[in-house]
Structure formats: structure tokens, C-alpha cells
Undergrad: 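Structure incoming, see below.
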Amino acid sequence: MTNNNNLICDLETGVCGVSEDDEMQVIDFSQKRRSIDVYYVTDPICSHCWALEPVLRRFVEQYGHYVNFHTIMGGLLEKWAGFADVSNGISSPSDIAGHWREVGEHSRMPIDGTLWLENPIQSSYPPSRVFKVIQKHNGEIANVFLRRAREAVFVFNQNIAEDSVLIGIVNNLGLDGEKIVKEAELPIGQQLLTEDFALASQLGVRGFPTIIMLNEENKGVKIVGSRTLDSYTSGLKQVLNLDELQPKQQPALFSLLEKEKLLFSKEIEVMYDIEQKDINRFVESELSAIVYDTKQILGEAYFINK
């Protein structure tokens with residue numbers, strides 16, 4: 001499953017890894033399934049996965065009641081040794097910095113990227129193993145860890161392959177960071193990760209993000225790259241064989257911020273169909289009863305629950 005060329009990401013397709021011709025493909029698996037399963041194949045350092053966060057959150061909030069959602073690690077970067085992609089201008093970690101910044105500017109999910117110049121990530125496997133160890137005990141907390149790890153690496157320029165950074169993130173979740181990071185370094189950590197790689201390979205995944213939707217008749221769709229909400233809802237309609245879906249109401253902003261702790265302007269705009277120019281007025285009206293901070297980074301506003 002692992003291929004160091006997976007690190008290459010394309011702005012047009014919204015894919016980190018090998019692009020495929022069609023945005024959405026009908027697929028058919030023989031294994032019997034009892035309900036709708038959604039497999040989100042991703043990686044902690046996948047820039048297009050970070051760009052997808054606003055749309056994916058809204059999809060899960062409004063349509064999650066239709067599906068069983070599974071987050072799968074795909075293995076974006078095992079190591080740099082022997083890696084080179086001259087055709088894409090990538091021959092060393094420093095070549096990633098400008099690309100990451102470009103993805104951030106294009107998606108408006110801020111990405112610093114200078115990490116690749118100052119303290120480059122050598123592998124995405126360490127945070128992936130920590131995710132798997134946490135997921136083994138609590139899938140919900142594992143997803144929070146993944147979000148915090150992405151905030152750390154993309155926005156706040158921290159090397160999430162380093163034990164000290166991982167320990168800090170896990171500690172802030174109320175868990176024993178040192179214990180979990182040590183467990184992730186044991187054979188069980190790699191075993192859990194290898195199981196995800198095998199599942200991703202079985203599902204035919206070659207790039208990230210990829211979302212696979214399978215119904216009880218063993219049929220479904222594969223949606224590759226960072227896409228619009230309409231792409232995912234259309235895929236879900238197709239898998240469910242429904243003309244219309246019944247979305248849940250978006251959560252109130254105060255409750256969403258209380259749960260997420262930190263939201264970027266783009267995430268609020270996508271969740272509530274707000275224009276960027278109206279974001280401050282909307283946030284002030286929705287959060288008038290709670291205490292929050294507004295900050296700026298890389299030209300983008302973000303909001304923190306205090």
C-alpha cells in the first residue's frame with residue numbers, strides 16, 4: 001500500500017497520491033455488509049485532507065445518521081530515503097513547503113509549511129500509529145487527536161512525528177501521552193497500522209483523501225480527492241438509492257465551537273453557508289452568550305472557545 005510518491009498532492013484533483021480520472025466511480029465488493037459504511041482513508045500530513053475538513057465536518061454533522069463512519073490510515077510517507085520525484089519538482093522535504101502553502105491559500109484552511117525547511121517530518125507513521133492506539137480504545141477521541149495533530153502540523157508548524165509533540169497533544173486530550181506514544185512504538189502500533197493499509201489496499205485506494213461508501217448490497221461509490229458537499233451527498237444518494245436525503249439541522253455555532261474548541265473562518269462559512277465578508281457579524285450574533293477569542297494566522301481568522 002505504501003508509496004512515497006503518495007506525498008505529491010494536486011490542486012486540480014484535490015488528491016494526495018495517485019490521481020484517478022473520475023471524481024466518483026461506481027464500485028462493487030463481494031463481502032456482505034449489513035448497513036451503509038463510509039471509509040475515510042487519510043493521513044495526518046495529507047494537505048488535501050486538511051483542506052477537506054470544513055466539508056467533511058458538515059457532511060458528518062448533517063448526514064452522519066445514515067452511515068457508520070470509519071477513519072482509516074493510508075500511509076502517506078513512510079520515509080524519505082530513496083525518494084525522488086523530479087517530474088513534480090520534489091526531491092527533498094524542502095520542496096514540500098511551497099506546495100503546502102499553495103494548498104492552504106487555495107482552500108483557505110491555513111497551512112504554514114516552513115516546517116519542511118526548518119524541522120522536516122521524516123515519516124507520517126508515528127502520528128498514524130498513535131491514532132490507531134487511541135482508536136483501539138476510543139474512536140471518538142482518536143478523531144479528536146487527528147484534528148489536534150493536523151492543527152499542530154499545518155497551522156502551528158509543529159513536527160508531529162516527534163515524541164514530545166505527540167505526547168503534548170495526547171496529554172491535552174486528558175490521556176497519558178507518554179504511555180500511549182510508547183505503546184504506539186511497540187509492535188502492536190505497527191500491526192494496527194498495517195491492518196489499515198491492507199484494508200485501504202483492498203478498497204482500491206491509491207491517493208488521499210478517498211471516501212468509500214458501501215451499502216448492504218455490497219455496492220457503493222469511491223470519491224477521490226477533496227470535493228464539494230454535493231459530491232458526497234450525491235454519492236450517498238446513489239448508495240442508498242434515494243432521490244432525496246433528510247439532513248439534520250446544523251448544530252448551533254456555540255455548541256459546535258464548544259465541541260471542536262477551535263474553528264477557522266472557512267469551516268464556519270461552509271457549515272452555515274456564510275460569505276467570508278459576513279463572518280464576524282455572524283459569529284458575534286451566534287456567540288454573544290459565551291466567551292471566545294478571535295485570532296488571525298496566515299491571513300485567516302479563527303475562533304477559540306475559552
Undergrad: Closest heavy-atom contact between Ile223 and Gly235?
TA: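 Looking at all heavy atoms of both residues, the shortest contact is CD1-CA, 4.4 Å.
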Undergrad: Parallel, tilted or perpendicular, judged at 30° and 60°: which one describes the rings of Phe264 and Trp50?
TA: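 It falls in the perpendicular class, over 60°.
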Undergrad: So which atom in Lys248 and which in Gln62 form the shortest heavy-atom distance, rounded to 0.1 Å?
TA: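 Result for this residue pair: O-NE2, 2.7 Å.
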Undergrad: Please answer whether the main-chain N or O of Pro251 pairs with a side-chain N or O of Ser255 as donor and acceptor at a distance below 3.5 Å.
TA: no
Undergrad: Are Leu257 and Ile297 linked, directly or through other ILVMFWY residues, by side chains that come within less than 4.5 angstrom of each other?
TA: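 Leu257 does not cluster with Ile297.
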Undergrad: Considering all heavy atoms of both residues, which atom of Phe208 and which atom of Cys46 are nearest to each other, and what is their separation?
TA: O-SG, 3.7 Å
Undergrad: Is it true that a side-chain atom of Ser285 and a backbone atom of Phe282 form a donor plus acceptor pair closer than 3.5 Å?
TA: yes
Undergrad: Is any side-chain heavy atom of Lys266 closer than 4.5 Å to one of Ser107?
TA: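 Sidechains of Lys266 and Ser107: no contact.
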Undergrad: Does atom OH of Tyr292 have more than 12 heavy-atom neighbours, drawn from other residues, nucleotides or ligands, at distances under 6.0 Å?
TA: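 Result for OH/Tyr292: enclosed.
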Undergrad: About how many Å separate OG1 of Thr194 and CD of Gln190, when rounded to the nearest 0.5 Å?
TA: 4.0 Å
Undergrad: Determine whether more than 12 heavy atoms belonging to other residues, nucleotides or ligands lie under 6.0 Å from atom CD of Glu275.
TA: no
Undergrad: Kindly determine whether Tyr302 and Ile304 satisfy side-chain contact (heavy atoms from CB on, under 4.5 Å), including the steps that lead there.
TA: CA-CA 7 Å; Tyr302 66 99; Ile304 300 175; 3.5 Å; yes
Undergrad: Are Tyr272 and Gln250 packed together at the side-chain level, in the sense that at least one heavy-atom pair is separated by less than 4.5 angstrom?
TA: yes
Undergrad: Rounded to the nearest 0.5 Å, what's the gap from NZ on Lys261 to CG on Asn305? Could you check?
TA: 5.5 Å
Undergrad: Salt bridge or not for Glu267 and Arg108, using N-O below 4.0 Å?
TA: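 Looking at Glu267 and Arg108, the cut-off is not met.
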Undergrad: Taking C-beta and beyond as the side chain, do Val60 and Val67 meet within less than 4.5 Å on heavy atoms?
TA: no
Undergrad: State, with a plain yes or no, whether a side-chain heavy atom of Ile111 is found less than 4.5 Å away from one of Ser47.
TA: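 Sidechains of Ser47 and Ile111: in contact.
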Undergrad: Pairs in or reaching into residues 278-293: which pass salt bridge (Lys or Arg N to Asp or Glu O under 4.0 Å), with residues at least two apart or in two chains?
TA: Asp278-Arg281, Asp293-Lys306
Undergrad: Within this structure, what is the OG1-CZ distance for the pair Thr294 and Phe303, rounded to the nearest 0.5 Å?
TA: 5.0 Å
Undergrad: Which atoms form the tightest heavy-atom contact between Ile268 and Ile279, and what is the distance?
TA: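 So the minimum-distance heavy-atom pair works out to CG2-CD1, 3.4 Å.
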Undergrad: Quick one: pull up CG in Leu56 and CD in Glu61 and give me the separation to the nearest 0.5 Å.
TA: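 Rounded to the nearest 0.5 Å, the CG-CD separation comes out at 10.5 Å.
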Undergrad: For Glu258, look at atom CD and say whether over 12 heavy atoms of other residues, nucleotides or ligands are found less than 6.0 Å away.
TA: no
Undergrad: Donor-acceptor pairs are to be reported for all side-chain atoms of residues 131-142 against protein atoms at under 3.5 Å, with residues two or more places apart or in another chain.
TA:
from   : atom 1 : to     : atom 2 : distance (Å)
Lys132 : NZ     : Gln135 : OE1    : 2.5
Lys132 : NZ     : Asp196 : OD1    : 3.0
Lys132 : NZ     : Asp196 : OD2    : 3.1
Gln135 : NE2    : Thr71  : O      : 3.2
Lys136 : NZ     : Glu183 : OE2    : 2.7
Asn138 : OD1    : Glu140 : N      : 3.0
Asn138 : OD1    : Ile141 : N      : 2.9

Undergrad: Please tell me if the side chains of Val155 and Asp112 come closer than 4.5 Å, counting only heavy atoms from C-beta onward.
TA: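 A side-chain contact is absent here, since even the closest heavy-atom pair is not under 4.5 Å.
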Undergrad: Quick one: salt bridge (Lys or Arg N to Asp or Glu O under 4.0 Å) pairs with a partner in residues 46-55, sequence neighbours left out?
TA: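 Output for this query lists Glu53-Arg147, Glu53-Arg150.
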Undergrad: Looking at Arg129 and Glu185, is there a salt bridge between them, counting it only when a charged N and a carboxylate O are closer than 4.0 Å?
TA: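 Salt bridge: no.
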Undergrad: In chain order, what residues pass the side chain to side chain contact (heavy atoms under 4.5 Å, CB included) check against Asp230, with sequence neighbours excluded?
TA: Thr228, Thr233
Undergrad: Locate the shortest heavy-atom distance separating Trp100 from Ile45; write the atom from each residue and the value.
TA: CZ2-O, 3.4 Å
Undergrad: Less than 3.5 Å apart, which donor and acceptor atoms pair up between the side chains of residues 158-177 and the rest of the protein, not counting sequence neighbours?
TA:
from   : atom 1 : to     : atom 2 : distance (Å)
Asn159 : OD1    : Ala161 : N      : 2.9
Asn159 : ND2    : Asn119 : O      : 3.0
Asn159 : ND2    : Pro120 : O      : 3.3
Glu162 : OE2    : Asn119 : ND2    : 2.9
Asn171 : OD1    : Gly177 : N      : 2.7
Asn171 : ND2    : Ile167 : O      : 3.4
Asn172 : ND2    : Gly168 : O      : 3.2
Asp176 : OD1    : Glu178 : N      : 3.3
Asp176 : OD1    : Lys179 : N      : 3.1

Undergrad: Once ring pair (Phe, Tyr, Trp, His ring centres under 6.0 Å) is applied, do any residues pair with His70, and if so which ones, sequence neighbours excluded?
TA: Tyr39
Undergrad: Could you give the distance from CG (Leu263) to CG (Leu253), rounded to the nearest 0.5 Å?
TA: 7.0 Å
Undergrad: Where do Ser265 and Glu269 land on the side chain to side chain donor-acceptor pair (under 3.5 Å) test, with the steps shown first?
TA: CA-CA 6 Å; Ser265 179; Glu269 293 163 35; 2.5 Å; yes
Undergrad: Roughly how far, to the nearest 0.5 Å, is NE2 of His48 from CZ of Arg227?
TA: 9.5 Å
Undergrad: Show the nearest heavy-atom pair for residues Tyr125 and Leu77, with the distance to one decimal.
TA: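 So the minimum-distance heavy-atom pair works out to CD1-O, 3.6 Å.
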Undergrad: With the side chain counted from C-beta on, respond yes when Cys49 and Asp43 share a heavy-atom pair under 4.5 Å apart, and no when they do not.
TA: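 They are not in side-chain contact.
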Undergrad: Should the pair Tyr40 and Phe69 be assigned to parallel (<30°), tilted (30 to 60°) or perpendicular (>60°) ring geometry?
TA: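 Rings of Tyr40 and Phe69: tilted, 30 to 60°.
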Undergrad: Are Asn157 and Thr114 side-chain neighbours, meaning at least one heavy-atom pair lies under 4.5 Å?
TA: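 When only atoms from C-beta onward are counted, Thr114 and Asn157 do touch, with a gap below 4.5 Å.
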Undergrad: Quick check: do Pro247 and Tyr63 have side-chain heavy atoms less than 4.5 Å from each other?
TA: yes
